[in-house]
Structures are given as C-alpha cells and as structure tokens.
Student: 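Below: one structure in structure tokens.
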Amino acid sequence: MNFDQMTPLERRAALSLAAIFATRMLGLFMVLPVFALYADRLEGATPALIGLAIGIYGLSQALLQIPFGMASDRLGRKPVIAFGLLVFAAGSALAALSTSIEGVIAGRALQGAGAVAAAVMALAADLTREEHRTKAMAVIGMSIGMSFLAAMIAGPLFGAWFGLHGLFWLTALLALLGIAILYLAVPNPLHCRHHRDAEPVPGQFGRVLRDTQLLRLDAGIFVLHLALTAMFVAMPLMLVDAGLLSEDHWQLYLPVMVLAMAAAVPFIIVAEKRGAMKAVFLGAIAMIGVSLAAMGLWHGSLWALGGLLWLFFAAFNLLEATLPSLISKLAPLEAKGTAMGVYSSSQFAGAFVGGWLGGWAYGQYGVEGLFSGLLLLLACWWLLASGMRRPPQLATRQIYLGEVDAKRVGELERELLALPGVAEVRVIVEECVAYLRVESARVDDEALLSYSAATD
C-alpha cells in the first residue's frame with residue numbers, strides 16, 4: 001500500500017488508531033482459543049454458559065457501537081473513545097476478579113459495552129482527507145486481522161503462564177495502553193464533522209434495512225462469526241482430546257493462520273481484478289461448510305484438525321476481505337457509513353448467537369451435533385448468497401469540494417459524471433463532499449482532483 005501521498009499527520013493518525021484497535025481486539029480475541037479449557041474451573045460452569053461467556057460481548061457491542069459513534073459527534077471523539085476503553089478495562093477487571101461463570105459473563109458483557117469501533121472510524125475520517133481515507137481504513141482493518149493472528153498464538157501461551165484470570169488482567173492493561181496511545185500519539189482533529197462514508201446517518205437506516213442485497217451480506221457476516229465463535233466453544237477441547245497439550249496449541253495455530261492468510265490473497269486478487277467476486281464468494285462459503293462438516297467427522301485426528309483449520313481460516317480470511325468490499329460496492333453512495341454500521345452490528349450479533357447456541361448445542365449433542373448444525377446453517381447461507389446480483393467492478397472515491405452552492409449541485413454532478421470512468425455521483429452540500437463510484441482503470445485522477453478544495 002502506497003502512503004507516499006498521505007501527509008505525516010495522516011500516516012500518524014492511521015497507524016496510531018490502528019494500534020488502538022489492535023490492543024482492544026487482541027484482548028478480546030486472546031480468550032477465544034483458551035476459554036473453554038479453563039472455564040470448567042469456574043463455579044456454575046456448563047457448556048451453555050461457557051458459550052454464552054465467550055459470545056456475550058457481541059451482544060453489547062452490537063447494541064452500543066452505533067450509539068457510541070453518534071455520541072462522539074456531539075461530545076467529541078477522544079472523550080468517547082477514552083470512556084469506552086475505560087468501560088472495556090472495567091469489564092476485563094470484573095472478569096478477572098470473578099470466580100463464577102456468571103461473574104465472567106457480566107465482565108464480558110461490560111467489555112463489549114465499551115463499543116468504540118464507530119467512534120474510532122469517525123476519528124480516522126476526521127484526520128484524513130477524502131482521497132486518502134480508504135488507505136487509513138485499510139490500515140485499521142489490517143490491524144484487526146493481525147491482532148487475531150497474534151491472539152491465536154498469545155492466548156494459549158499467556159493462558160498457560162498466567163491462567164484465565166491473568167489473561168483478563170492483561171486485557172485490562174491493553175485497554176489502558178489504548179488510552180495512552182489515544183492521548184499521546186493520535187493527533188487532535190481540527191474539525192469534527194459527520195462523514196457519510198464512515199458513520200451512520202439516522203435517516204438512511206430504513207433504506208439500508210430494506211435493501212435485500214445488503215441484507216444478504218449482513219446475514220452472511222452474521223453466520224460467518226456465528227460459526228467462528230461456535231467452533232471455538234469446542235475446538236480447544238477437541239485439540240486436547242486429539243493429543244495436543246493446551247500450552248502447545250499456539251504451535252498449531254501459528255502455521256495454520258499464516259498459511260491461511262497467504263492462501264486467501266490470490267483469490268482476493270482474482271475476485272477484485274477479474275470480476276469473479278460472486279464465484280469466489282460462493283466457493284469460500286462452500287469451503288467453510290466442508291471444513292466444519294469434516295471437523296465433526298474427524299475430530300480425533302490432530303493432523304486432520306490442523307488441515308481443516310487451515311481450510312476454514314483460508315476461506316474465513318477470504319470472506320472477511322470480500323464482504324466489506326461487497327458492502328461498499330452495493331450500498332447507496334450516500335448511505336455507505338450506515339450500511340457498514342448495520343453490517344458491523346450484524347457481525348457482533350453473530351458472535352453472540354454463536355457462543356450462546358454453540359455452547360448449548362455442544363452440551364446437548366456433542367461435537368457431531370454442533371458441527372452438523374453449523375453445516376446446515378452454512379448451506380442456508382450459500383443458498384441465500386447464490387441469489388446475490390453480480391456486484392459492479394467499481395471503486396468508491398470522495399472529493400472535498402469546499403463550500404457548494406445548493407443551486408449548482410445538479411450541474412456539478414453532471415460535470416463529474418461526464419469525466420472518464422465516473423459511473424455514479426452524489427454531492428452532499430452539508431458535508432461539502434462528492435461521493436463517486438468509478439472504474440479504476442479508466443478514471444482520470446487529475447481531473448477529479450481539479451474539483452478538490454484545499455483542506456486544513
């Protein structure tokens with residue numbers, strides 16, 4: 001990714017906000033590969049409650065991330081983000097001090113209540129120019145993927161060294177580190193304004209929720225994270241039963257995750273560059289389903305589990321990359337931030353339902369029953385996704401126009417639409433921004449930039 005045209009302040013903003021995201025998500029993810037191994041030592045633990053404890057953060061996150069983002073418009077980005085990280089740290093401390101499964105469930109729910117994702121994205125939008133915002137968002141997105149990889153390795157190691165309660169204390173320290181980064185490294189924005197490409201617009205929710213193409217994608221990310229969370233209710237125990245000591249689980253996760261990330265990249269390129277997005281998308285869903293079904297059948301073999309985990313995460317990484325791209329391509333230009341807000345809430349809701357139902361199914365029906373249920377769910381998703389229309393091969397751009405005369409909006413949109421490679425234009429007077437969809441191979445970037453006003 002080329003950062004040459006970004007200012008030093010923009011690069012600093014992107015990297016420091018990515019670090020905040022990474023420290024927070026690392027704390028959440030580290031518990032995932034080890035919780036089922038240690039939770040039976042908690043008072044009152046049952047498979048259903050263990051699953052609920054794994055996934056409950058997703059419920060509070062899904063409910064509160066959009067309100068947190070809207071609050072940051074009124075109260076300021078940094079105060080809202082700092083408050084959210086303090087709530088997250090308090091939830092981690094509550095879980096660390098709890099000796100019962102109910103206490104840990106309460107702590108995990110409080111962790112999720114520190115829902116700062118939307119506010120962080122809004123701050124990233126404040127600190128970057130429209131033409132470079134996609135780069136900043138990509139850096140933040142990569143930080144989440146890297147924190148997941150790190151958590152798969154660090155979770156088993158730190159769990160063996162410090163125990164479950166030590167993991168939660170470490171998570172609390174990471175949240176406090178995030179606050180330090182926020183005030184020591186993240187620049188202060190000169191202006192805080194609403195950005196339709198990064199934040200929800202209340203008046204657009206109805207439109208987004210009526211769009212069947214977007215709802216297919218929301219259902220997809222819901223099912224994907226449901227399957228991920230449900231799988232980790234059982235996977236740590238399956239690996240132990242297959243002969244791998246809990247403190248050695250990282251030795252399996254490390255090569256699996258690295259090789260899975262490498263395997264996904266060529267398919268992402270094919271999907272984006274050759275217009276094969278739908279075919280690659282459906283193939284990845286099928287791969288997830290096959291891997292889960294096979295895990296239920298061959299869960300006694302460590303080699304089989306290693307290979308199937310690689311297949312699962314190769315497809316998972318591919319879907320994690322293509323789903324947001326599809327949202328961007330299919331959402332109305334003026335409602336992209338709203339569509340992404342609903343999408344993110346669906347993702348966290350899936351994690352909640354996956355933990356809750358996954359724990360219940362594992363307790364009632366065992367490994368085979370759990371993975372058979374997940375296979376059925378993946379088959380339903382595949383059928384739903386097969387009806388998705390082929391997404392256009394267009395990229396989104398934003399241009400800051402400066403003050404725009406409302407009477408000239410129609411004329412300005414026609415001018416921009418007449419430029420080579422521009423397929424769609426929406427000018428938002430209140431934000432002084434033009435949102436565009438363009439053919440990357442044909443668009444004249446210099447012609448577009450000629451409409452851009454200087455920003456402070």
Side-chain angles (χ1 to χ4, degrees), residues 14-35 54-62 64-65 68-69 81-82 84-92 95 107-124 136-159 167-182 185-186 221 224-225 228-229 232 250 253 257 260-261 313 316-317 319-321 323-324 340-341 343-352 354-355:
L15 293 172
S16 57
L17 290 172
I20 292 173
F21 242 106
T23 55
R24 182 176 176 275
M25 299 310 293
L26 179 62
L28 278 174
F29 290 149
M30 277 197 302
V31 174
L32 196 60
V34 298
F35 189 81
I54 291 174
I56 189 66
Y57 81 92
L59 177 61
S60 46
Q61 181 89 5
L64 293 174
Q65 66 148 345
F68 262 72
I81 294 170
L85 290 172
L86 282 174
V87 171
F88 182 83
S92 303
R108 289 281 283 174
L110 191 58
Q111 281 184 323
V116 299
V120 171
M121 291 298 192
L123 182 53
M137 298 302 180
V139 172
I140 293 172
M142 286 189 293
S143 75
I144 298 172
M146 295 307 297
S147 65
F148 187 82
L149 170 62
M152 292 297 102
I153 302 164
L157 281 173
F158 291 152
L167 273 181
F168 283 122
W169 282 122
L170 179 58
T171 298
L173 289 175
L174 287 171
L176 297 178
L177 174 61
I179 296 174
I181 294 171
L182 177 67
V186 178
I221 195 64
L224 183 62
H225 279 259
L228 174 72
T229 312
F232 272 105
W250 69 273
Y253 289 131
M257 298 299 294
M261 292 177 69
F313 280 111
F316 179 88
N317 291 333
L319 290 167
E320 281 280 282
L323 275 165
M340 287 303 301
Y343 168 86
S344 297
S345 293
S346 301
Q347 171 183 325
F348 290 117
F352 163 63

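As the structure is a computational prediction, the values presented were derived from the model and not from experiment. Residue numbers run from 1 in the order of the sequence given.
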Student: Check for a donor-acceptor pair, side chain of R108 on one end and backbone N or O of A95 on the other, with a separation under 3.5 Å.
Tutor: no

Student: Does F313 form a side chain to side chain contact (heavy atoms under 4.5 Å, CB included) with L228? I'd like the steps, not just the answer.
Tutor: CA-CA 9 Å; F313 280 111; L228 174 72; 3.9 Å; yes

Student: Could you tell me whether the side chain of S344 and the main chain of G341 form a donor-acceptor pair under 3.5 Å?
Tutor: no

Student: Rounded to the nearest 0.5 Å, what separates atom CD1 in I221 from atom CG in L224?
Tutor: 5.0 Å

Student: Is it true that a side-chain atom of S143 and a backbone atom of A19 form a donor plus acceptor pair closer than 3.5 Å?
Tutor: no

Student: Under the side chain to side chain contact (heavy atoms under 4.5 Å, CB included) rule, what do F35 and M30 come out as? Steps first, then yes or no, please.
Tutor: CA-CA 9 Å; F35 189 81; M30 277 197 302; over 6 Å; no

Student: Taking all non-hydrogen atoms of both residues, which atom of L85 and which atom of V116 are closest, and how far apart?
Tutor: N-CG1, 4.0 Å

Student: Please round to the nearest 0.5 Å and tell me the distance separating atom CD1 of I140 and atom CD1 of I20.
Tutor: 9.0 Å

Student: Which value, rounded to the nearest 0.5 Å, describes the distance between F348 atom CZ and Q61 atom CD?
Tutor: 4.0 Å

Student: For the CD1 atom of I56 and the CD1 atom of I54, what is their distance to the nearest 0.5 Å?
Tutor: 12.0 Å

Student: If you measure from CG on L157 to OH on Y253, what distance do you get to the nearest 0.5 Å?
Tutor: 12.0 Å

Student: I need the single residue from V186, L123, L86 that forms a side chain to side chain contact (heavy atoms under 4.5 Å, CB included) with I81. Which is it?
Tutor: L123

Student: Might you point out which heavy atoms bring L64 and A115 nearest each other, and give the distance in Å?
Tutor: C-CB, 3.8 Å

Student: About how many Å separate CD1 of I181 and CG of L15, when rounded to the nearest 0.5 Å?
Tutor: 11.0 Å

Student: Does any N or O in the side chain of R24 come within less than 3.5 Å of the main-chain N or O of G114, such that one atom is a donor and the other an acceptor?
Tutor: yes

Student: Which heavy atom in L110 sits nearest to a heavy atom in V87, and how many Å separate them?
Tutor: O-CG1, 3.4 Å

Student: Looking only at non-hydrogen atoms, find the nearest pair between A62 and A349 and report the distance.
Tutor: CB-N, 3.9 Å

Student: Mind checking whether F148 and F232 have parallel, tilted or perpendicular rings, split at 30° and 60°?
Tutor: perpendicular

Student: Please tell me if the side chains of T171 and L28 come closer than 4.5 Å, counting only heavy atoms from C-beta onward.
Tutor: no

Student: Could you check whether any side-chain heavy atom of M257 comes within less than 4.5 Å of a side-chain heavy atom of I153, counting everything from C-beta outward?
Tutor: no

Student: Which pair of heavy atoms, one from A109 and one from S60, lies closest together, and at what distance?
Tutor: O-OG, 2.7 Å

Student: Are S147 and F21 packed together at the side-chain level, in the sense that at least one heavy-atom pair is separated by less than 4.5 angstrom?
Tutor: no

Student: For a 4.5 angstrom cut-off between non-hydrogen side-chain atoms, does M25 reach M146?
Tutor: no

Student: Do you know which two heavy atoms are closest between Q111 and F168, and how far apart they sit?
Tutor: NE2-CD2, 4.1 Å

Student: With the side chain counted from C-beta on, respond yes when M121 and Q65 share a heavy-atom pair under 4.5 Å apart, and no when they do not.
Tutor: no

